[in-house]
Amino acid sequence: MIASECQLTVNPHDRVLSKSELAEAASDVDGLLCQLTDIIDAELLDKMPRLRIVANCAVGYDNIDIAACTKRNIAVSNTPDVLTDTTADLTWALLLAAARRLVEADRYVREGKFKSWSPMLLLGHDIYQKVLGIIGLGRIGSAVARRAAAFNMPVIYYAKKRKSAEEENRLNVEYRPFDCLLKEADFISLHVPLNEHTRHLISKKELELMKPGAYLINTSRGPVVDEKALVRALRNNDLAGAALDVYEYEPQIAPGLTDMVNATLTPHIGSATVETRTRMAVMAAKNILAGLKGEKVPNLVNWEMENKL
Ligand code: NAP
């Protein structure tokens with residue numbers, strides 16, 4: 001789509017470019033289609049004087065300094081909605097895998113240890129009728145909540161702004177203040193964006209407030225959880241388990257985390273299906289083409305740039 005309307009340069013390597021490589025390769029571009037692994041900060045923007053739009057191929061845009069873009073009259077777009085259900089599905093896959101010890105069970109079979117059915121073999125915990133706590137009831141959080149009905153799980157949520165009674169009824173969810181949710185939920189799933197308010201939203205204090213035997217699921221962004229504190233809680237069996245798709249310093253994983261059998265770990269694959277990644281790519285291409293043509297950008301993040309392109 002882009003090549004048919006623009007002169008296009010594609011990163012030729014199957015890896016993330018370093019900041020200096022990106023600055024050199026993109027020094028004279030008008031538009032940049034990037035991934036969440038590309039850090040777009042003021043220093044980089046200063047080396048790209050022609051830039052008019054940054055189209056992130058992700059819904060989260062914590063990799064981009066939005067204020068620095070707006071200051072330079074650069075539009076920023078993201079890819080919301082098209083990945084909502086896919087990410088909600090992975091969240092449930094992780095929740096189920098953690099509670100029913102699927103990864104351990106798979107390994108057990110492959111290692112030839114399955115000699116006989118046994119009454120105490122790989123006992124997990126029930127999911128149905130347990131309380132699901134959702135932190136951040138936006139697009140993905142709501143999609144996770146909708147799926148809970150199939151498992152007969154009551155859903156409580158915490159959000160910055162409480163939903164209307166109508167919306168709560170529609171989603172069959174009950175609001176709780178943050179600390180109450182931490183104390184009450186058997187499974188806690190995080191769906192907030194990463195920003196200065198949500199960094200380490202779940203740290204030592206919050207982990208201590210969680211029910212002994214609760215599970216933490218994170219498919220939002222790694223730094224929302226203090227990973228060191230989480231490793232300690234898992235090591236002490238303060239929690240029954242954690243299931244993580246994202247990491248504080250990804251692709252690095254906190255020391256000790258990969259040793260924990262009560263941690264289920266996936267490599268940031270929340271939206272990784274053929275269908276969804278295709279939809280995201282098309283959406284990002286539409287965003288960048290609109291921006292370059294001076295048209296309304298369908299998924300503009302910095303609304304201040306509306307009508308300014
Ligand atoms: P969204 O619709 O914007 O939902 C985020 C929700 O979090 C909003 O309802 C927001 O409320 C709420 N929120 C913000 N700050 C909060 C706080 N301090 N406490 C409680 N709630 C807070 O975004 P989404 O489409 O659901 O995506 C959520 C995040 O998931 C993305 O930002 C991204 O980082 C992550 N994600 C990860 C993957 C993956 O591959 N693992 C895939 C897709 C998305 P307000 O609207 O009132 O601010």
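Atoms within a ligand are numbered from 1 in the order they appear, just like the ligands themselves. Side chains included, hydrogens not; waters and symmetry mates left out as well; all remaining heavy atoms used.
With respect to the salt-bridge test (charged N to carboxylate O, under 4.0 angstrom), the residues E166 and R170 do not qualify. Between D126 and K130 there is no salt bridge, since no side-chain N of the basic residue sits under 4.0 Å from a carboxylate O of the acidic one.
Pairs of residues two or more places apart, or lying in two chains, that qualify as salt bridge (Lys or Arg N to Asp or Glu O under 4.0 Å) and include a residue from residues 10-23 are R15-E21, K19-D41, K19-E43.
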Determine all donor-acceptor pairs shorter than 3.5 Å in which one atom belongs to a side chain in residues 146-153; sequence neighbours excluded.
| from | atom 1 | to | atom 2 | distance (Å) |
| --- | --- | --- | --- | --- |
| R147 | NE | D89 | OD1 | 2.8 |
| R147 | NH1 | D85 | OD1 | 3.3 |
| R147 | NH1 | A143 | O | 2.9 |
| R147 | NH2 | D85 | O | 3.4 |
| R147 | NH2 | D85 | OD1 | 3.0 |
| R147 | NH2 | D89 | OD1 | 2.9 |

Enumerate donor-acceptor pairs with a distance under 3.5 Å from any side-chain N or O in residues 301-309 to protein atoms, sequence neighbours excluded.
| from | atom 1 | to | atom 2 | distance (Å) |
| --- | --- | --- | --- | --- |
| N302 | OD1 | V76 | N | 2.9 |
| N302 | ND2 | T70 | OG1 | 3.2 |
| N302 | ND2 | I74 | O | 2.8 |
| E306 | OE2 | K296 | NZ | 2.9 |

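Listed by chain and residue number, the protein contacts of ligand 1 are V59, G60, L83, T87, G136, L137, G138, R139, I140, Y158, A159, K160, H191, V192, P193, T198, T219, S220, R221, D245, V246, H268, G270, S271 (heavy atom within 4.0 angstrom).
Note that OG of S77 is 7.5 Å distant from CG of L300, once rounded to the nearest 0.5 Å.
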